[in-house]
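This report refers to the structure that appears directly beneath it.
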Amino acid sequence: MQNRVAIVGGGYVGLTTAAIFANAGITTHMVDIDEKKIEVVKGGKSYFYEAGLDQLVASGLKKGTLLPTTSYEDAIPEADIVISCVGTPDNPDGSPNLKYIYDAARATAKLAKSQLIFVQKSTVPVGTGDALGEVFKNEFPELEVSYVSNPEFLRESSAIADTLFGDRVVVGGDCAQAVTQVVALYKVMDTHKKEIAATAAITTGAKEDAHEVKVVETSLKSAELIKVTANAFLALKISFANSIAKLADEAHADINEVMDGVGLDNRIGRAFLNAGRGYGGGCFPKDVSGLISVANDHGVDLHIMGAATEVNASMPGYIVNLAKEKAGSLEGKKVAVLGLAFKAGTSDARKSPAVAVANSLAHEKAEVRAYDPYANEEAGPDLNRTVSLVDTLDEATKDAELVFIATDWPEFKELDYSKLDNGSVKFVVDCMNALEPEKITKNGIGYLGVGRGKS
Ligand code: UGA
């Protein structure tokens with residue numbers, strides 16, 4: 001008989017995983033204590049924007065395999081495998097706050113079957129599995145828990161494709177049988193991946209056709225460390241590219257050309273070497289600070305990651321300064337900020353560098369109007385109160401002298417900036433190097449990118 005799964009925590013990772021497993025025919029409860037979120041999901045939709053997820057939620061409900069609930073009592077007693085996907089926000093000192101991790105583990109243990117496979121998908125510091133093992137042993141001695149680490153590598157905005165066609169599935173644990181049962185879930189998913197992609201209307205090509213699930217089995221602690229190390233390395237690549245971009249600006253080189261040339265080296269690769277306003281979101285900033293913090297606990301100074309963090313934090317101000325050099329002063333200037341999400345394809349504006357760009361402009365006393373097609377609501381609370389949040393691109397760009405492309409949504413790439421508001425725009429600041437400069441300059445508008453030679 002197939003294992004029944006309960007997913008605890010219905011966020012980006014939890015809901016995507018639950019919807020995909022349910023569409024693979026696996027009976028999947030999804031518990032989240034937030035009634036509003038569960039109501040939306042029960043209604044057949046995701047409560048955040050992620051392409052294809054609405055379709056998978058609706059189809060999972062229709063099949064009867066996706067079972068959203070606010071009640072642990074509904075979900076846990078029958079589950080063979082419980083997958084923890086709760087959030088791990090950071091503390092003010094940068095260390096990870098594991099309250100939800102411990103709460104979810106205890107709430108599960110109170111109701112679980114006597115033999116439980118507990119899978120940790122949330123990003124946790126190395127050693128958390130051992131610490132939770134002690135909690136289970138000391139507080140729930142009647143339970144036999146096999147603890148497995150199965151870190152998540154999906155990206156927001158391509159979450160479904162990343163799950164179905166990911167580079168690897170990492171499963172680490174000390175109980176071989178439990179590891180095998182978790183791997184089996186992914187094998188079931190793998191046999192259904194094409195039909196799930198079709199339900200989600202995800203476009204697939206030759207790469208996806210040739211895809212085979214690659215399982216990496218490791219020790220518990222290695223699995224825990226793989227996840228944060230991967231995110232930290234990607235963050236490092238971005239900050240490295242941004243450091244070289246600053247040099248390219250001074251030396252009149254073009255960072256895109258530089259990284260295209262560098263990235264062709266197979267040992268390096270081109271991905272995550274795009275310079276711009278830096279990284280944000282719910283993962284990189286907190287995973288980097290969490291890794292620094294756990295390294296400190298072990299007496300290891302990861303100053304390379306401290307440097308990456310500093311470079312990242314400097315980028316929004318650096319770009320605004322470039323614009324200030326070009327415009328003379330920004331005070332009183334009408335500026336449109338297009339894009340507030342931490343990246344295109346998501347409504348997520350957590351720790352968004354695009355918001356930091358808008359706030360830095362407000363600090364320079366520019367008259368800022370900001371617009372994002374999906375992230376206005378989430379970005380609103382983090383914006384400086386002098387920034388006007390508007391509902392349309394036209395409102396944002398009305399009379400604007402400067403336009404900042406702060407998140408590279410496709411609709412901003414395709415705009416003809418010379419036609420905006422009868423030609424009020426004097427120059428476009430391309431905070432993610434997403435535009436082709438010639439398309440802007442041929443119409444007599446100035447172009448400013450990041451690391452493209454301070455033209
Ligand atoms: C990241 C990882 O890529 C996933 O593998 C991981 O599963 C996830 O965190 C997580 O830990 O849950 P995500 O935060 O969704 O995924 O977003 P990314 O696509 O990695 O982008 C992160 C940030 O880096 C964005 O702000 C993006 O604009 C920025 N970025 C990315 C750059 O500035 N330059 C680049 O070249 C690439």
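Each residue takes its place number in the sequence, starting with 1. One-based numbering, in listed order, for ligands and for the atoms of each.
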Ignoring angles and geometry beyond distance, decide whether [X] reaches within less than 3.5 Å of ligand 1 through its nitrogen or oxygen atoms.
X: Thr123; value: no
X: Phe342; value: yes
X: Lys343; value: yes
X: Gly280; value: yes

How far is [atom] from the closest protein heavy atom, and which atom is that?
atom: atom 30 (N) of ligand 1; result: Ile238 CD1, 3.4 Å
atom: atom 37 (C) of ligand 1; result: Phe272 CD2, 3.4 Å
atom: atom 5 (O) of ligand 1; result: Phe153 O, 2.7 Å
atom: atom 3 (O) of ligand 1; result: Arg155 CG, 3.3 Å
atom: atom 24 (O) of ligand 1; result: Tyr279 CB, 3.3 Å

With atoms numbered from 1 as shown, which atoms in ligand 1 lie under 4.0 angstrom from a non-hydrogen atom of [X]?
X: Arg277; value: 26 (O), 28 (O)
X: Glu152; value: 7 (O)
X: Glu156; value: 15 (O)

Does even one non-hydrogen atom of [X] get within less than 4.0 Å of ligand 1?
X: Thr407; value: no
X: Gly276; value: no
X: Cys283; value: yes
X: Lys237; value: no

Stepwise, does the side-chain contact (heavy atoms from CB on, under 4.5 Å) test hold for Ile76 with Val8?
-> CA-CA 9 Å; Ile76 304 298; Val8 177; 4.1 Å; yes

So with a 6.0 Å cut-off around [atom1] of [X], is the heavy-atom count from everything else above 12?
X: Tyr100; atom1: OH; answer: no
X: Ile304; atom1: CD1; answer: no
X: Ile445; atom1: CD1; answer: yes

Partner of Tyr374 under ring pair (Phe, Tyr, Trp, His ring centres under 6.0 Å), chosen from Tyr49, Phe48, Phe342 |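 Of the listed options, the one satisfying the test is Tyr49.
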
Below 4.0 Å, non-hydrogen atoms only: which portion of [X] touches ligand 1? Side chain, backbone, both or neither.
X: Tyr12; value: neither
X: Asn274; value: both
X: Leu273; value: backbone
X: Thr346; value: neither

Leu15/Val41 under side-chain contact (heavy atoms from CB on, under 4.5 Å): CA gap, chis, key distance, verdict = CA-CA 9 Å; Leu15 182 55; Val41 177; 4.1 Å; yes

Would Phe412 and Tyr371 count as a side-chain contact (heavy atoms from CB on, under 4.5 Å) if you check the C-alpha gap in whole Å, the side-chain angles of each, and the deciding distance to 0.1 Å?
-> CA-CA 11 Å; Phe412 303 150; Tyr371 163 73; 4.0 Å; yes

Check: Phe404 ring centroid to Phe427 ring centroid under 6.0 Å |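 No: the rings miss the under 6.0 Å criterion.
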
Are Asp190 and Lys193 close enough, and set up right, to give a salt bridge (charged side-chain N to carboxylate O under 4.0 Å, His left out), and what steps lead you there?
-> CA-CA 5 Å; Asp190 200 50; Lys193 67 189 171 201; 2.9 Å; yes

side-chain contact (heavy atoms from CB on, under 4.5 Å) between Ile101 and Val86, intermediate numbers included = CA-CA 6 Å; Ile101 296 288; Val86 296; 3.8 Å; yes

Among Asp174, Asp130, Thr128, side chain to side chain donor-acceptor pair (under 3.5 Å) partner for Lys221 |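 Result: among Asp174, Asp130, Thr128, Asp130 is the only option passing the side chain to side chain donor-acceptor pair (under 3.5 Å) with Lys221.
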
